[in-house]
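Only one structure is covered here, and it is reproduced in the block below.
This structure is a prediction, so every number in the text was calculated from the model and none was measured. Both counts, for ligands and for their atoms, begin at 1 and track the order of listing.
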Amino acid sequence: MKIMKFGGTSVGKPERMFQVAELITRDVEPKIVVLSALSGTTNTLVSIGDALSKGNKQDARQIIEKLDAHYQVFINELLHSDDARIKARKLIAEHFEFLQIILRISFNDALSKDILAQGELMSTKLFSVYLEEKGISHELLPALEFMSIDANDEPHVLDIRVRLEQQLAKHPDKKIFVTQGYVCRNARGEVDNLKRGGSDYSASLIAAAVNASVCEIWTDIDGMHNNDPRIVNKTFPIEQLSFDEAAELAYFGAKILHPASIWPAQQFRIPVRLLNTMQPEAKGTLIVEEAGSQGIKAIAAKDGITEVRIKSSRMLLAYGFLRKIFEVFEKYRTPIDMITTSEVAVSLTIDSQQHLDQILRELEPFGEVEVTGGQAIIAIVGNELTQTPDILSRLFASLTPVEVRMVSYGGSMHNISILVPGGSKIQTLQLLNKGLFGLD
Ligand code: ASP
Ligand code: MG
């Protein structure tokens, strides 16, 4: 059994869906096909929720109507027979009726999750009608029957496995299953989701649950690249990465794979392959336990970073100081990304400003606190980096014109992170592409 996950752009146009149908019928291995919502839909559903939360029903109604119209056009291009079109319109109408009902009742957080789930529910239904029209035997599996999270929003592979096996056992003769990414049920049994971009996570959890031969993540780029192709001219796809390297890259802005999707595959030893729907023959990137080769593999950046620096002479020779500081961040559930210390100061970075004011208030008693927003972390990721000769001299030689504010080296064998002003991000990525990969 293998898993094939297709993202929003891979199903966002009827002709892309035609291609997905082709890709899932190229071999006879049984498979679970995990789909995102059509591109743009989840953002639109978010804006409906936002409008309703502000009591702006008129705006919400207009957005819903526009989305409905988009789906009508999509159906006409996707399907050819009258029967299939009528069936699809009926299925989609149920979802828009639901959205219309929501306009009339009072809005709350649980409802917003219901709204967000509509995208994947609709994309999988449309794809299923299309497969049916093409005579491709398959079964639509309801993710809400097997994908779940606990009271801390954590999924458990073994729970998912039990319920997914029950669902699969109902259709012993089927070889192709289609299901929704992203959506799940929470501990209260309500409709919930695995957070934005969570369809990759669904795919990886499903792959772990069925012990899949491979978890294929199909997007619109041919694998993970050595640098950000939107910023740097010459980049190339990386053939093989270890899970540890991929985890670093996924977190640091390499949008191609949701960071949470690494652990289920790694823990259950499922190879992950990143592939390109537009170029299905391209090798893409294989993610497995072994790194494949030593040295630098890739550079990635993360924007919107805030640096917090706490200076205190009380830190000199003191113990327990860092614990007290970390506790403040823990209290406000704000993850710390980078940290560097000197004998009298500690600098750390966070990527969420949500609770910054409260955090700063509580840090004040520890010393002088300085905050600088708008920074970027540049992560240099590879295998056994600390064993790679010259790496630091090459790194710093390339960075001469850049103001480097923090450096983190040795935290893991796979990562060197530097903090630079956000305005220097592009220049830094370009300089490193030249200095570390020899590419202009
Ligand atoms: N549709 C969801 C989103 O846009 C999940 C996903 O596509 O991965 O965030
Ligand atoms: Mg995605």
Let's go through L52 and I115 carefully: what are the C-alpha distance in whole Å and the side-chain angles of both, what is the deciding distance for side chain to side chain contact (heavy atoms under 4.5 Å, CB included) to 0.1 Å, and is it a yes or a no?
CA-CA 11 Å; L52 287 176; I115 297 174; 4.1 Å; yes
Side chain to side chain donor-acceptor pair (under 3.5 Å), that's the test. Do R89 and N76 meet it? Break it down for me.
CA-CA 9 Å; R89 280 191 207 118; N76 287 342; 3.0 Å; yes
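For ligand 1 and S36, the ligand atoms under 4.0 Å from any heavy atom of the residue are 6 (C), 7 (O), 8 (O).
Residues Y130 and F18 bring their aromatic ring centres within 6.0 Å.
The closest approach between G197 and ligand 1 falls below 4.0 Å for a heavy atom of the residue. Residue contacts with ligand 1 do not include G8, since none of its heavy atoms lies under 4.0 Å from the ligand.
Within a 6.0 Å sphere centred on NZ of K90, heavy atoms belonging to other residues, nucleotides or ligands number 12 at most.
Considering backbone and side-chain N/O of Y182, none are found under 3.5 Å from N/O of ligand 1. For ligand 1, the polar-atom distance check finds no N/O of K5 at less than 3.5 Å from any of the ligand's N/O atoms.
Shortest non-hydrogen contact noted between F268 and N211 is O-OD1, 4.2 Å.
Atom 9 (O) of ligand 1 has its nearest heavy-atom neighbour, among Q180, R196, K195, in R196.
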N/O donor to acceptor pairs below 3.5 angstrom from side-chain atoms of residues 176-184, sequence neighbours left out:
{"residue": "T179", "atom": "OG1", "partner": "L141", "partner atom": "O", "Å": "2.7"}
{"residue": "Q180", "atom": "OE1", "partner": "A143", "partner atom": "N", "Å": "2.8"}
{"residue": "Q180", "atom": "NE2", "partner": "T124", "partner atom": "OG1", "Å": "3.0"}

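With a 4.0 Å cut-off on non-hydrogen atoms, E120 touches ligand 1 through its side chain and not its backbone.
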